[in-house]
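Note sheet for the following structure.
For reference, positions follow the sequence shown, starting with 1. Note that the structure is predicted; figures quoted are calculated from it, not measured.
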Amino acid sequence: MSQATKRKHVVKEVLGEHIVPSDQQQIVRVLRTPGNNLHEVETAQGQRFLVSMPTKYRKNIWIKRGDFLIVDPIEEGEKVKAEISFVLCKDHVRSLQKEGFWPEAFSEVAEKDNNNRNRQTQPELPAEPQSSGEESGSEDDSDLFVNTNRRQYFESEEESEEEEAA
């Protein structure tokens with residue numbers, strides 16, 4: 001099977017299925033990714049450990065901090081205690097919440113993430129409308145694209161006056 005065909009099937013599996021965790025499986029939240037296809041996760045009870053990514057997901061599915069996963073426990077692992085069996089997207093989280101399988105400890109985290117993402121996707125418009133007679137100056141950057149992946153730093157007028165005086 002070619003790499004493109006494999007990727008197509010893996011993505012279709014992750015986005016299409018709605019899965020319910022079995023008795024052995026756990027829902028966990030990704031805290032960080034130290035590397036080598038390992039991810040540090042936290043359970044609903046607050047227990048932290050490493051999970052490994054199976055080869056079918058490597059270079060096909062990307063996992064970032066704050067994502068939710070379903071993991072299978074590994075008995076022989078000391079540091080790595082589980083393996084990723086499914087990556088949960090927003091639709092999966094909503095369906096698990098409706099069915100009552102979602103842990104209470106993650107309920108507020110999932111709602112907060114959804115609210116933050118909704119705020120970031122809708123950029124704020126400038127409060128004061130520009131008059132049609134004025135040309136927009138070179139210092140007015142309010143109409144430029146705002147990168148939501150970076151922190152925004154704002155200078156106050158007092159700071160800039162102090163710098164000019166020095």
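Separation of atoms OG (Ser52) and CG (Asn36) is listed at 11.5 Å; rounding is to 0.5 Å. The CZ atom of Phe101 sits 11.5 Å away from the CD1 atom of Ile19 when rounded to the nearest 0.5 Å. Taken to the nearest 0.5 Å, the CD atom of Glu13 stands 8.5 Å off from the CD1 atom of Ile61.
Ionic pairing of Lys81 and Glu75 is not present here: no N-O contact between side-chain nitrogen and carboxylate oxygen is shorter than 4.0 angstrom.
For the pair Arg32/His39, no side-chain contact is recorded, criterion being any heavy-atom separation below 4.5 Å from C-beta on. In this structure, the side chains of Thr33 and Leu38 stay at 4.5 Å or more apart for every pair of heavy atoms. Two residues are said to be in side-chain contact when any heavy atoms from C-beta on lie closer than 4.5 Å; Ile84 and Pro54 meet this criterion. Leu31 places none of its side-chain heavy atoms less than 4.5 Å from the side chain of Val41. Side-chain contact check for Val51 versus Val80: every heavy-atom pair is 4.5 Å or farther apart. You'll find the side chain of Gln26 stays beyond 4.5 Å of the side chain of Pro73, heavy atoms only. Considering only heavy atoms from C-beta on, Leu96 stays 4.5 Å or farther from His18 through its side chain.
The nearest pair of heavy atoms linking Phe106 to Glu42 is CZ-O, 3.3 Å. Of all heavy-atom pairs spanning Phe68 and Val93, the tightest one is CD1-CG2, 4.3 Å.
Judged by distance alone, the side chain of Asn60 and the main-chain N or O of Tyr57 form no donor-acceptor pair under 3.5 Å.
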